[in-house]
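Here's the structure we're looking at; comments come further down.
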Amino acid sequence: DQQVKQNSPSLSVQEGRISILNCDYTNSMFDYFLWYKKYPAEGPTFLISISSIKDKNEDGRFTVFLNKSAKHLSLHIVPSQPGDSAVYFCAALHQTGANNLFFGTGTRLTVIP
Amino acid sequence: DVKVTQSSRYLVKRTGEKVFLECVQDMDHENMFWYRQDPGLGLRLIYFSYDVKMKEKGDIPEGYSVSREKKERFSLILESASTNQTSMYLCASRLPDSRQGKETQYFGPGTRLLVL
């Protein structure tokens with residue numbers, strides 16, 4: 001049973017525009033959320049995270065928004081750059097529970113120059 | 001910089017063979033993990049280890065075992081490889097809970113295994 005879902009397997013965006021990647025989760029015990037970025041033939045790398053006590057976290061061009069009532073988070077990239085083209089994985093965990101990450105299925109972002 | 005290395009980038013094995021996938025991290029992390037990545041399924045946790053000699057089953061442990069004899073090394077073993085174990089295998093390590101950034105896992109480059 002997939003507890004973290006990314007319903008869009010792919011997304012194409014023009015360079016300079018905003019990319020919005022979405023993620024939904026079902027387990028209300030999750031209290032920490034992360035986004036990882038993965039290039040082909042490489043392991044995922046950590047991008048940005050957010051605790052459930054916040055609803056927004058920003059780091060440069062990347063902003064993550066959390067809507068706890070909707071069990072939804074999103075990653076905004078603005079402006080999008082061709083180097084952002086990768087697969088993005090959303091992940092969640094329950095910090096006082098098993099403390100293991102649950103990953104979504106990933107969204108492949110293509111930024112068109 | 002944290003470095004997580006995996007012994008092979010690509011591996012081809014025959015059905016029934018015993019397969020060892022090795023992972024080494026150089027940052028003294030207590031926690032280590034093995035995942036497999038498959039299209040449409042994301043990353044699924046196979047096994048993890050919170051310390052030397054310790055191991056815990058993840059979501060899909062069937063057909064796999066692990067070994068953690070040293071802190072820096074976490075091995076994944078396929079006792080008798082099958083074609084449905086063809087996948088990308090990713091190892092990760094994590095800082096201990098007491099330190100800032102505990103939730104961040106650092107991944108190796110992955111091993112793409114093909115079982116014929």
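Because the structure is predicted, anything quoted here is derived from the model rather than measured. Letters go in sequence order (proteins before strands), and every chain restarts at 1.
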Segment of B:R9 engaging chain A (4.5 angstrom heavy-atom cut-off): side chain

To the nearest 0.5 Å, atom CD of A:E42 lies from atom CG of B:L90 at 11.5 Å

Contact summary for B:L43 and A:P44, nearest pair of heavy atoms: CD2-CG, 4.1 Å

Structural part of A:Q6 lying under 4.5 Å from a heavy atom of chain B: neither

Should the heavy atoms of other residues, nucleotides or ligands under 6.0 Å from NZ of B:K71 be counted, would the total exceed 12? yes

Give a yes or no on whether A:R61 atom CZ has more than 12 heavy-atom contacts from other residues, nucleotides or ligands under 6.0 Å away. yes

A side-chain contact here means heavy atoms from C-beta on lying under 4.5 Å apart; do A:N100 and B:F33 qualify? yes

Taking C-beta and beyond as the side chain, do A:T45 and B:Y106 meet within less than 4.5 Å on heavy atoms? no

Identify which part of B:E56 has an atom lying under 4.5 Å from any heavy atom of chain A, answering side chain, backbone, both or neither. neither

Do A:F62 and A:I20 sit in one hydrophobic cluster, given that two such residues count as connected whenever their side-chain heavy atoms are within less than 4.5 Å of each other, even indirectly? no

Test item: A:Y36 side-chain N/O and B:Q105 main-chain N/O as donor-acceptor pair under 3.5 Å: yes

Would you kindly confirm whether B:M88 and B:W34 end up in one hydrophobic cluster when ILVMFWY residues are joined by side chain heavy atoms under 4.5 Å apart? no

Are any non-hydrogen side-chain atoms of B:D59 and A:F102 less than 4.5 angstrom apart? yes

Group every Ile, Leu, Val, Met, Phe, Trp and Tyr by side-chain heavy-atom contacts under 4.5 Å, then state whether A:I50 and A:L101 land in the same group. no

Check for me, please, whether B:L45 and B:M54 land in the same ILVMFWY cluster - side-chain distances under 4.5 Å, paths through other members count. yes

Hphob cluster co-occupancy, A:F30 + A:L75, side-chain heavy atoms under 4.5 angstrom: yes

Would one find more than 12 heavy atoms of other residues, nucleotides or ligands at under 6.0 Å from atom NZ of A:K68? yes

Contact origin within A:Y39 toward chain B - heavy atom pairs under 4.5 Å: neither

Ring centre gap for A:F46 and B:F107 strictly below 6.0 Å: no

What distance do B:L41 atom CG and A:F103 atom CZ have between them, rounded to the nearest 0.5 Å? 14.0 Å

So which part of A:P9 gets closer than 4.5 Å to some heavy atom of chain B, the side chain, the backbone, both or neither? neither

If you count the non-hydrogen atoms of other residues, nucleotides and ligands that lie under 6.0 Å from CZ in A:R108, is the total more than 12? no

